[in-house]
Amino acid sequence: QVPLVESGGGSVQAGGSLRLSCATSGYTQHSYSMAWFRQAPGKEREGVAGIDSDDNISYEDSVKGRFTISQDNTKSTLYLQMNSLKPEDTAMYYCAAEPRIYYKGPPLEAHLFNYWGQGTQVTVSS
């Protein structure tokens with residue numbers, strides 16, 4: 001069991017910003033991939049941004065230039081800085097982890113991750 005605990009969600013108006021955090025205490029793998037996913041009601045879970053232990057990064061096209069994924073120096077906390085938020089960003093956001101890296105870079109496919117947090121809600125009003 002990998003403890004992943006998200007926080008930082010909330011309600012903002014369009015154009016606003018939020019920073020999500022995912023605490024990964026106890027998860028100390030040399031090689032890993034981590035990612036942020038989101039799921040809106042009635043929609044499939046989609047990958048938003050990913051990062052791996054080699055600091056490779058990937059983004060879903062709709063968030064490029066607006067969202068930034070990062071880790072703290074100890075790599076025990078994963079962040080997602082979300083700027084210029086839009087109503088279509090409204091969803092439950094999940095942190096995910098997998099103890100391996102992929103040669104094509106951090107994936108954004110949910111089925112490749114076995115460890116998930118409980119989620120944090122982000123609501124953007126117009």
Side-chain angles (χ1 to χ4, degrees):
Q1 187 71 22
V2 176
L4 302 175
V5 181
E6 303 97 332
S7 61
S11 297
V12 297
Q13 291 189 328
S17 298
L18 284 173
R19 188 176 80 156
L20 305 184
S21 299
C22 174
T24 63
S25 57
Y27 185 64
T28 55
Q29 294 288 333
H30 179 68
S31 297
Y32 61 85
S33 296
M34 297 195 71
W36 287 98
F37 288 80
R38 64 187 180 188
Q39 188 166 20
K43 294 188 177 181
E44 293 187 357
R45 189 169 297 190
E46 66 171 352
V48 174
I51 191 168
D52 63 26
S53 47
D54 289 341
D55 291 324
N56 297 303
I57 289 175
S58 59
Y59 291 103
E60 192 269 329
D61 286 346
S62 71
V63 306
K64 286 180 180 177
R66 299 189 300 123
F67 290 11
T68 302
I69 189 171
S70 63
Q71 305 175 93
D72 68 351
N73 290 338
T74 64
K75 298 191 175 181
S76 63
T77 303
L78 181 70
Y79 299 103
L80 185 67
Q81 178 66 43
M82 305 187 294
N83 299 327
S84 302
L85 283 162
K86 304 176 181 180
E88 51 264 43
D89 295 319
T90 295
M92 184 72 79
Y93 282 70
Y94 298 91
C95 171
E98 184 65 18
R100 62 166 292 181
I101 59 174
Y102 297 84
Y103 76 96
K104 289 185 177 181
L108 298 179
E109 292 82 13
H111 71 275
L112 295 177
F113 291 86
N114 285 299
Y115 302 101
W116 294 84
Q118 82 290 349
T120 185
Q121 178 68 37
V122 171
T123 302
V124 185
S125 58
S126 57

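Quick caveat: nothing in here was measured; it's all calculated off a predicted structure.
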Let's go through Met34 and Leu4 carefully: what are the C-alpha distance in whole Å and the side-chain angles of both, what is the deciding distance for side-chain contact (heavy atoms from CB on, under 4.5 Å) to 0.1 Å, and is it a yes or a no?
CA-CA 11 Å; Met34 297 195 71; Leu4 302 175; 4.0 Å; yes
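Side chain of Glu6 to backbone of Gly119: a donor-acceptor contact under 3.5 angstrom is found. With hydrogens and angles ignored, the 3.5 Å screen pairs no side-chain donor or acceptor of Thr123 with any backbone N or O of Ser11. Proximity of a side-chain donor or acceptor of Thr90 to a complementary backbone N or O of Val124 within less than 3.5 Å is detected. Here the side chain of Glu98 pairs no donor or acceptor atom with the backbone of Arg100 at under 3.5 angstrom.
Side-chain contact between Ile51 and Asn56 is absent, with no heavy-atom pair separated by less than 4.5 Å. You'll find the side chain of Ser17 stays beyond 4.5 Å of the side chain of Met82, heavy atoms only. Side-chain atoms of Ile69 and Gln81, non-hydrogen and from C-beta on, never get closer than 4.5 Å to each other. The shortest distance between side-chain heavy atoms of Thr77 and Thr24 does not fall below 4.5 Å.
Judged by distance alone, the side chains of Asp52 and Ser33 never bring a donor and an acceptor atom under 3.5 Å apart.
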Please report, to 0.1 Å, the donor-acceptor pairs under 3.5 Å made by any side chain of residues 102-111, with sequence neighbours excluded.
unit_1	atom_1	unit_2	atom_2	d
Tyr102	OH	Leu112	O	3.3

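For Arg19, there are no salt bridge (charged side-chain N to carboxylate O under 4.0 Å, His left out) partners, not counting sequence neighbours. Shown here are the side-chain hydrogen bond (donor to acceptor under 3.5 Å, both in side chains) partners of Gln39, two or more places apart in sequence or in another chain: Arg45. Remark: Lys43 pairs with no residue by the salt bridge (charged side-chain N to carboxylate O under 4.0 Å, His left out) rule, at least two apart or across chains. For Asp89, the salt bridge (charged side-chain N to carboxylate O under 4.0 Å, His left out) criterion is met by Arg38, Arg66, not counting sequence neighbours.
Within the structure, ring-ring contact (aromatic ring centres under 6.0 Å, His included) contacts touching residues 35-92 (residues at least two apart or in different chains) are Phe37-Phe113, Phe37-Trp116.
Dense packing is recorded around CD of Gln118, with more than 12 heavy atoms of other residues, nucleotides or ligands lying under 6.0 Å away.
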